[in-house]
Number of protein chains: 2
Amino acid sequence: MSHLAAPLARLVENLQRLPGIGQKSAQRLAFHILNMPKKDADELTQAIIEAREKIHECSVCCNLTEHELCPICRADGRDKTTICVVEDARDVIALERTREYNGLYHVLHGTISPMDGIGPEQLRIKQLLTRVAENDISEVIMATNPTVEGDATALYISKLLSPFGVRVTRLAYGIPVGGDLEYADEVTLRRSLEGRSQI
Amino acid sequence: MSHLAAPLARLVENLQRLPGIGQKSAQRLAFHILNMPKKDADELTQAIIEAREKIHECSVCCNLTEHELCPICRADGRDKTTICVVEDARDVIALERTREYNGLYHVLHGTISPMDGIGPEQLRIKQLLTRVAENDISEVIMATNPTVEGDATALYISKLLSPFGVRVTRLAYGIPVGGDLEYADEVTLRRSLEGRSQI
């Protein structure tokens with residue numbers, strides 16, 4: 001790096017801090033950014049600045065949006081009695097891609113993780129309880145990740161929800177479609193056996 | 001993408017235009033950028049803007065630099081009679097990493113490529129000829145890439161240099177160290193045979 005001009009080295013360093021960007025790709029990106037047409041480079045920096053300025057949490061579901069309400073909370077024709085609880089906004093995108101779910105979401109922005117100093121109060125759990133209390137909700141689907149933290153968070157929230165008499169469900173565990181039994185880990189296989197259904 | 005807020009979608013789009021960044025990584029990067037501390041995000045955009053403003057070509061070797069001369073042209077103790085000709089500034093970094101070469105460089109900023117409409121006049125060939133004419137240069141090492149364009153460019157330049165009576169050499173071709181003969185392509189193997197040396 002010693003033979004990189006200082007402003008270039010600084011750019012490489014900053015790019016390298018991004019997730020999944022190693023030294024080589026940071027360098028490649030930096031040189032690409034240097035050689036970009038001015039218009040494209042301006043658009044890139046502007047996009048970063050604007051996204052950070054304009055994007056905030058939806059006042060209902062805490063999904064990311066530039067408006068008061070996110071497009072899903074604003075949409076007509078969605079089932080407003082079902083809430084799917086996810087860890088972060090990317091999970092909303094993943095679930096929307098399935099075209100299977102037509103209810104609303106609630107984005108927690110993390111999971112309970114004492115090791116990382118994240119307790120329930122750092123998540124959007126209070127907002128979820130308020131939503132369930134104030135609206136006519138029939139089902140809350142816990143769609144946190146199938147990890148220790150995701151499971152613990154789902155369990156914690158389901159306990160908080162029990163006084164409301166709402167149905168709380170959890171996404172099914174199992175072997176991924178197109179996957180290979182041979183390569184499935186034993187915990188997944190065990191869960192997949194437990195959750196077996198009649199053909 | 002339809003459920004991404006517009007400023008976020010715009011950021012993803014801009015990131016996706018960068019080399020090696022697909023849709024999924026663009027999305028991952030965009031969310032990361034949104035969640036970054038303000039200080040880091042400001043530093044990133046500032047680094048992009050500054051690198052583009054301050055970096056230009058060294059007035060001697062056309063390497064990228066923020067000063068009149070690049071660090072290598074400025075350095076004492078380098079062999080100023082040898083010039084290594086490379087396609088772009090990243091090749092300088094790669095060669096410097098070897099700690100083997102102690103001469104100067106000349107960065108062409110591309111190769112002759114009629115298919116892409118790049119002729120000799122778009123490269124920094126004239127500057128190279130001036131350097132060789134005006135300085136006491138004993139050897140020019142052609143270190144363009146081992147591709148059709150790289151070879152053609154090396155050959156073209158070596159012809160232009162012949163009136164100067166300077167020694168023109170080319171990097172050795174051969175099988176990569178640690179590579180496997182079985183997987184080497186036949187052209188590389190043939191070059192490696194041609195270039196064999198006595199043990």
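Chain naming here is simple, since letters A, B, ... match the order of the sequence lines and numbering starts at 1 in each.
Neither the backbone nor the side chain of A:Ala30 comes within less than 4.5 Å of any heavy atom of chain B. Heavy atoms closer than 4.5 Å to chain A are found in the side chain of B:Arg97, but not in its backbone.
Annotation: side chain to side chain donor-acceptor pair (under 3.5 Å) contacts of B:Asp88 (sequence neighbours excluded): B:Arg90. Residues that satisfy the side chain to side chain donor-acceptor pair (under 3.5 Å) test with B:Asn145, not counting sequence neighbours, are B:Glu87. With sequence neighbours excluded, no residue forms a salt bridge (charged side-chain N to carboxylate O under 4.0 Å, His left out) with B:Arg28.
A:Met142 and A:Val148 are members of different hydrophobic clusters when ILVMFWY side chains are connected at heavy-atom separations under 4.5 Å. Hydrophobic clustering, with ILVMFWY side chains joined whenever heavy atoms are under 4.5 angstrom apart, keeps A:Val140 apart from A:Val107. Clustering ILVMFWY residues whenever any of their side-chain heavy atoms sit less than 4.5 angstrom apart, transitively, puts B:Leu123 in the very cluster that holds B:Tyr156.
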Worksheet item: Going through the checks in order, is the side-chain contact (heavy atoms from CB on, under 4.5 Å) test met by B:Leu8 and A:Glu66?
Response: CA-CA 9 Å; B:Leu8 191 51; A:Glu66 59 177 320; over 6 Å; no
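Counting heavy-atom pairs under 4.5 Å between each of B:Thr65, B:Leu11, B:Leu18 and chain A puts B:Leu11 at the top.
Applying a 4.5 Å heavy-atom cutoff, the residues of residues 37-55 of chain A that approach chain B are A:Pro37, A:Lys38, A:Asp40, A:Ala41, A:Glu43, A:Leu44, A:Thr45, A:Ala47, A:Ile48, A:Ile49, A:Glu50, A:Ala51, A:Arg52, A:Lys54, A:Ile55.
The distance from atom CG of B:Leu29 to atom CG of A:Leu29, rounded to the nearest 0.5 Å, is 8.5 Å. Taken from CD1 in B:Ile21 to NE2 in A:His32, the straight-line distance is 10.0 Å, to the nearest 0.5 Å.
The number of heavy atoms from other shown groups lying within 6.0 Å of CZ (B:Arg17) is above 12. Environment of CD in A:Glu100: sparse, with no more than 12 heavy atoms of neighbouring residues, nucleotides or ligands closer than 6.0 Å. In the displayed structure, B:Arg167 atom CZ is contacted under 6.0 Å by at most 12 heavy atoms of other residues, nucleotides or ligands.
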